[in-house]
Amino acid sequence: MRTSWAESADNSAIGSGNGNSSAYPPRGAYVPPHLRNRSLPSEVPPAAASLPVNDRVNHGGPAPHHGGGYFKADQGRQQGHGSGYQTGGGWNVRGAGRDRGRREVNPFENDEAEEQSFSEQENTGINFEAYDDIPVETSGENVPPPVNTFAEIDLGEALNQNIQRCKYVKPTPVQRYAIPISLSGRDLMACAQTGSGKTAAFCFPIISGIMREQYVQKPRVARTAFPLALILSPTRELSCQIHDEAKKFSYQTGVKVVVAYGGAPITQQLRELERGVDILVATPGRLVDLLERARVSLQMIRYLALDEADRMLDMGFEPQIRKIVEQMDMPPPGMRQTLLFSATFPKEIQRLASDFLSSYVFLAVGRVGSSTDLIAQRVEYVLESDKRSHLMDLLHAQRENGIHGKQGLTLVFVETKKGADALEHCLCVNGFPAASIHGDRTQQERELALRSFKTGNTPILVATDVAARGLDIPRVAHVVNFDLPNDIDDYVHRIGRTGRAGKMGLATAFFNESNLSLAKPLADLMQEANQEVPAWLTRYAARAIYSGGNRNRRSGGSRFGGRDFRREGSFNKSTDYFGGGPGGVAGGGYGNYGGGYSQGVTSAWD
DNA sequence: AAAAAAG
């Protein structure tokens, strides 16, 4: 019989601080530090208890007017289905919230209840003033200027109402820039944090564009769906999340949003598609399946958005993405509008991405807050064999300080799926309520784990990189890199699960000899973020061997997740870099609208 | 080498 954390805690004088005479713990059982007869390898950092809890994302977005006539308006499409759609100055409210007799579910229904259950989520979260200091960098030809308020853009009455329902007051930086750019019809490559309204930044222009256009009649092919917009993301959960948000934004606009991803029965997704789809949110695998079955055609695609675009174009995904974008029936760049978003944009990925773009604008938005703040980063030297007990020490200290329960969530990243299972089990056995999520679990299990984490039912989630990107989980107070990733960009995405929307977060990393390749980039990153870099890490960093040209991927992008590779003169060894698609950017003429680069601001976090 | 994504 093992002793659980709860039991050992109950049976001892909690808080006495130095009861150090207990017997050696039973194998596998966790014993809190103060009951142990040994000193810890490194000091337990102050628990995250004092950190404010994450708030909901309050974003917004609006901007100027359509560049107009981007696509040929054609034989005015038939409007609505008889039911009273509102028509406000050129806006087509399609179907007016009714879908062939089915009533549109109000996606805002549950919001109030949810918010009330977390009193800390009152709308005090974002420091909007801080937004004014955010460094922004744009490049490309004739970049449309940003807007400052929602009032400056007319996205249409229906969409405006949804913006209000979402309680978005003021556009976030990425929205201020990206929405006007998108509305003017330009392609866009954007480096920006998700926590600050990235989804809205690409959804608003798409929805308003679809409402505005009197586009050509969709072909009628039995059982084939013809979406007008395609949004791709690298994980199923992220696609679900985007779908949920897009549903809110398109409520009562008549714009139909459907999600398709693997691991779930395809039949229901097929049914949804048959009912009609304007915006399709999908993961690549399932979409290819649908395309091959000819249940979806991309020939009517006007808008293509890639979320976490750098991941979508890396080695694992690139062939699938190329197949979808280049080898099916999607209109080429210039005939569609392409929007790429990510927190990190390595140069080599930018180069790949330019194949999909036409005369695009590059946008980099620094993170909210100006220097150290938001995410406190710690690195601790922990031997592989000590990791578990060290983690439990951290969790125990957090619990003592009351961060757990319904308050703060802890997300623990590990390298492998097996490792995730093992650690989850270990934590549960020791009385720490944990769930786990990784790609070998069934979709049901994955969604259950995520739900259980979000609700605070299991305030600890052990995850592989499946959860590293894009997921917006409010109240994650602490991200632990139990195993560090090999790629510094992955680290950036992981820690970006906390400190969101202007709230503080804590990120702790366990470092040892197996992470040598990360020493230098990690030390650099922390330095840029004004974090205290342990001396031992600096020594490792100095010793680090240059691993090819890779280590410098972030060069020039210290304030952001990336920098327009077109501006890196030395990188332009051949001429085709400017030529991605018809009317590629003809070098020169880069406009800067950002201004106010404050020093010490680091990369965009998401 | 690992993770993700179709079944």
Side-chain angles (χ1 to χ4, degrees), chain A residues 230-243 259-270 273 280-296 306-325 327-328 342-344 346 349 352 384 411-424 436-447 449-450 461-471 479 481-494 496-497 510 512-518 547-548 550:
Chain A
L230 177 63
I231 300 172
L232 292 172
S233 95
T235 66
R236 298 163 182 174
E237 286 76 13
L238 186 50
S239 280
C240 286
Q241 180 181 300
I242 295 167
H243 172 249
V259 66
Y261 55 88
I266 201 169
T267 49
Q268 195 189 334
Q269 292 172 8
L270 288 173
L273 288 168
L280 178 59
V281 185
T283 47
R286 178 53 63 88
L287 178 60
V288 168
D289 190 4
L290 292 168
L291 291 169
E292 283 170 350
R293 297 178 190 218
R295 299 300 296 262
V296 169
L306 301 190
D307 202 2
E308 307 299 337
D310 63 332
R311 168 60 84 233
M312 303 302 279
L313 294 170
D314 81 3
M315 289 201 314
F317 275 115
E318 197 212 350
Q320 265 180 314
I321 301 300
R322 277 199 192 277
K323 175 166 187 174
I324 292 166
V325 177
Q327 290 155 34
M328 304 304 287
S342 183
T344 52
I349 302 285
L352 286 177
E384 211 59 42
L411 183 52
V412 183
F413 282 105
V414 296
E415 195 59 17
T416 66
K417 295 180 271 201
K418 272 178 73 175
D421 283 335
L423 183 58
E424 178 206 10
S436 76
I437 185 169
H438 61 70
D440 273 356
R441 306 201 68 187
T442 68
Q443 193 53 28
Q444 228 178 5
E445 290 171 324
R446 286 166 58 161
E447 282 166 23
L450 198 55
L461 182 68
V462 182
T464 59
D465 268 331
V466 70
R469 286 169 173 261
L471 292 188
V479 167
N481 274 290
F482 187 88
D483 301 318
L484 274 163
N486 295 315
D487 187 329
I488 190 66
D489 283 347
D490 291 331
Y491 173 85
V492 169
H493 283 274
R494 286 179 177 187
R497 297 314 99 211
F510 295 174
N512 60 38
E513 303 278 342
S514 56
N515 309 115
L516 292 182
S517 68
L518 205 66
S547 55
N550 229 17

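Here is how names work: the chains are called A, B, and so on, in the same order as the sequence lines, proteins then strands, and each is numbered from 1.
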Nearest-angstrom distance from the residue atom [atom1] of [X] to [atom2] of [N]:
| X | N | atom1 | atom2 | result |
| --- | --- | --- | --- | --- |
| A/I266 | B/dA5 | CD1 | C1' | 13 Å |
| A/D307 | B/dA5 | CG | P | 14 Å |
| A/L291 | B/dA5 | CG | P | 18 Å |
| A/M315 | B/dA5 | CE | C1' | 15 Å |
| A/D289 | B/dA4 | CG | P | 20 Å |
| A/I437 | B/dA5 | CD1 | C1' | 14 Å |

Just to be sure I understand the rule, does [X] reach a base, reach only the sugar-phosphate, or reach nothing, if contact means heavy atoms closer than 4.0 Å?
| X | answer |
| --- | --- |
| A/G262 | sugar-phosphate |
| A/D490 | nothing |
| A/R293 | nothing |

Just wondering, more than 12 heavy atoms not from A/Q444 lying within 6.0 Å of its CD?
no
Would you call A/L484 and A/D490 a side-chain contact if the rule is heavy atoms closer than 4.5 Å?
no
Has [X] got a side-chain N or O lying under 4.0 Å from the OP1 or OP2 atom of [N]?
| X | N | answer |
| --- | --- | --- |
| A/R236 | B/dA5 | yes |
| A/K418 | B/dA2 | no |
| A/R469 | B/dA5 | no |
| A/T464 | B/dA4 | yes |

Residues A/T464, A/I437; criterion side-chain contact (heavy atoms from CB on, under 4.5 Å); working and verdict
CA-CA 7 Å; A/T464 59; A/I437 185 169; over 6 Å; no
Non-neighbouring partners of A/F510 that pass ring pair (Phe, Tyr, Trp, His ring centres under 6.0 Å), sequence neighbours left out:
A/H390, A/F482
Would you mind telling me which of B/dA2, B/dA4, B/dA1 lies closest to the side-chain atoms of A/H438?
B/dA4
